[in-house]
Visitor: 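Next up is a structure, given as structure tokens.
One is the number of the first residue; the rest follow in order along the sequence.
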Amino acid sequence: IDGQLTDMSLSFTRTYLPNQTITANVTGGASPYTCVWSGPASQTFTGATITPTDGYGIYTVTVTDAIGASITGTYYFGPVHNITTAVDYPTIQSGITAALAGHSLLVDPGTYLEHITINKDITLSGVDKNTTIIDGNNNGVVVTITANGVTFENFTVRNSGTTANDAGIGLQGVSNCTVSDNIVTNNFAGIALVGCSGNTIQINTLTSNCFGVYIGSNTIPSTGNTVTANQISTSIHIAGTTTGDGIYVDLGCNANFITNNTVNNNGKDGIYIWKSNTQTVTGNIANANASSGLELMSSSSNTITGNTFNSNSSYGICIRSGVESSTLSSITGNTISGNSTGILLKDDVSGNNYPGVVSGNIISGNKIYLNTSYGLETQQSPAGVSYTAEYNWWGNASGPYNDPNNLCGAGNKVSTNVDFDPWYFQEGMTTINTLPVLTVSDIPNISTITSTPVIIPVTIAYPVFSSTLDPSIMSDARIS
């Protein structure tokens, strides 16, 4: 140019919301440089760095150096940004398709009428979960994840199809994925894991889905997944069609972790576990659900600890057997209050002639009080079977009402075949109360009595663990 050779080259770098910019980077030539831009709607800009206020589309820049040599380049500014490569795309799926494993994509606010498949290890993030919306238009699975190691975060995902195969977010046969901080609404399943292991579903808000979170299987069960710190409510129950459960764990999906979720106001159960074992259910709040806070159906060896099950229409916890047993679960440290029945143990041996049982669970260290019907009720129990529920707080120092063993108990009622003794004396559960043991001395032969009244000594004693009894205990003995 004018007898001068130039080796100018041009590249682009980016910043993203909340302060989006495009910068033209020049190498070669002679500084200083002059940059003149034109936008997709013919707006002009000057300077190496511009704010792309002319909308999405192609921005053209001409850079002229100090001796008059120039170079022209174009940059496509779109709503989907690969922040690893500084390249933009018009749709989410086109950005995913062009990305390589390990790349990070950022999506601007807007409504994207797309069904996307994430089939490589990338991070896909929305700028604002309230305004970055992927809408399935009431059809199919909105977001499908088929690669390990994906992070999907900060979107609203809505309007899947309405069949049993549809979901807002569907993970299929993957591991080590994280689905975090999304709003998931108006889908069949909000988030579904099918044949998945070791994934984390966290800090999502799920409303108005037929299932909130579904953990299921195809030929491979979903195991070892963590569902934590989610807000799940208003799941929709339609009799014979949809369950309305907040969290549903399906057949054979063992050893998942359901922790610190709030699962309230759902159309059926807060948490439903069906024919799967060794779940860890801790720190959850499952209140005001239309059926139970938690239901275990033919599910054994679960750890149910530190949860709150309050104000559910039927049961705080419902444990049922069927063809398989619901046994050997540890139910400790929970608060169960304001339900119709606090805990139901329903053994279907006598009701449906199923072989499973509900005996052998550990029910201890719980606060069970102010439930309107029973604190602990048993139904359809085989003859002669008793259930142990010792060391619980029943809402009153006198223990639970039990006929015939504790007619003076002013706490929640328990069924006749429940062993509730000993129990905690106060809500803080520091000391215990127990039924006294009465020893009546031998009654003399009536033929040898020559005067009245006849005095029959009665001794009231407490069991050997009396060192932990509350010192203020006053006991009434009734002899009949």
Visitor: Could you report the tightest heavy-atom contact between Asn287 and Asn264, atom names first, then the distance?
Guide: N-OD1, 2.8 Å

Visitor: Do we see a donor-acceptor contact under 3.5 Å between the side chains of His237 and Asn266?
Guide: no

Visitor: Got a sec, which residues hit side-chain hydrogen bond (donor to acceptor under 3.5 Å, both in side chains) with Thr259, two or more places apart in sequence or on another chain?
Guide: Thr228

Visitor: Taking atom types as modelled, is there a side-chain donor on Asp269 or Asn289 under 3.5 Å from an acceptor on the other?
Guide: no

Visitor: Could you tell me whether the side chain of Gln426 reaches within less than 4.5 Å of the side chain of Thr431, counting heavy atoms only?
Guide: yes

Visitor: For Phe155, check ring pair (Phe, Tyr, Trp, His ring centres under 6.0 Å) against everything at least two apart and list the hits.
Guide: Phe152

Visitor: Does the side chain of Ile145 come within less than 4.5 Å of Ile169's, by heavy atoms?
Guide: yes

Visitor: Looking at Ser321 and Gly356, what are the two nearest heavy atoms and their distance?
Guide: OG-O, 3.2 Å

Visitor: Would you say the side-chain atoms of Ser373 and Ser340 include a donor-acceptor pair closer than 3.5 Å?
Guide: no

Visitor: Do Asn137 and Asn159 have a side chain donor and acceptor closer than 3.5 Å?
Guide: no

Visitor: Taking C-beta and beyond as the side chain, do Leu124 and Ile116 meet within less than 4.5 Å on heavy atoms?
Guide: yes

Visitor: Using the benzene-type ring in the case of Trp, are the ring centres of Tyr75 and Tyr59 under 6.0 Å apart?
Guide: no

Visitor: Which distance, rounded to the nearest 0.5 Å, do you find between the CG of Asp421 and the CD of Glu390?
Guide: 7.0 Å

Visitor: Identify the heavy atoms of Lys367 and Glu427 that sit nearest to each other, and give their distance.
Guide: CE-O, 3.1 Å

Visitor: With a 4.5 Å cut-off on side-chain heavy atoms, are Asn417 and Val385 touching?
Guide: no

Visitor: Kindly indicate whether the side chain of Pro382, heavy atoms from C-beta on, has any atom under 4.5 Å from the side chain of Asp347.
Guide: yes

Visitor: Quick check: closest heavy atoms across Cys210 and Thr243, and the distance to 0.1 Å?
Guide: O-OG1, 3.7 Å

Visitor: Identify the two heavy atoms, one from Val174 and one from Asn199, that lie closest to each other, and give their separation to 0.1 Å.
Guide: O-ND2, 2.9 Å

Visitor: Find the distance between OG (Ser175) and CG (Asn148) and round it off to the nearest 0.5 Å.
Guide: 3.5 Å

Visitor: Between Thr335 and Thr308, is there a side-chain donor-acceptor contact under 3.5 Å, judged purely by atom types and distance?
Guide: no

Visitor: Which distance, rounded to the nearest 0.5 Å, do you find between the OG1 of Thr434 and the OH of Tyr424?
Guide: 13.0 Å

Visitor: Does the side chain of Leu407 reach to within under 4.5 Å of the side chain of Tyr401, using non-hydrogen atoms?
Guide: yes

Visitor: Grab the two heavy atoms, one from Leu296 and one from Ser326, that are nearest each other, plus how far apart they are.
Guide: O-OG, 3.7 Å

Visitor: Say you draw a straight line from CZ of Arg14 to OG1 of Thr49; how long is it, rounded to the nearest 0.5 Å?
Guide: 11.0 Å

Visitor: Decide yes or no for Pro422 and Tyr391: does some side-chain heavy atom of the first lie under 4.5 Å from some side-chain heavy atom of the second?
Guide: yes

Visitor: Does one side chain, of Asn396 or Ser398, offer a donor that lies under 3.5 Å from an acceptor on the other?
Guide: yes

Visitor: Going by heavy atoms in the side chains, are Thr123 and Glu153 under 4.5 Å from each other?
Guide: yes

Visitor: Within this structure, what is the NZ-CZ distance for the pair Lys346 and Arg320, rounded to the nearest 0.5 Å?
Guide: 5.5 Å

Visitor: Any luck finding a side-chain donor-acceptor pair between Thr97 and Tyr89 under 3.5 Å?
Guide: no

Visitor: What orientation do Tyr56 and Phe77 show, parallel under 30°, tilted 30 to 60°, or perpendicular over 60°?
Guide: tilted

Visitor: Can you say whether the rings of Phe211 and Phe188 are parallel (under 30°), tilted (30 to 60°) or perpendicular (over 60°)?
Guide: perpendicular

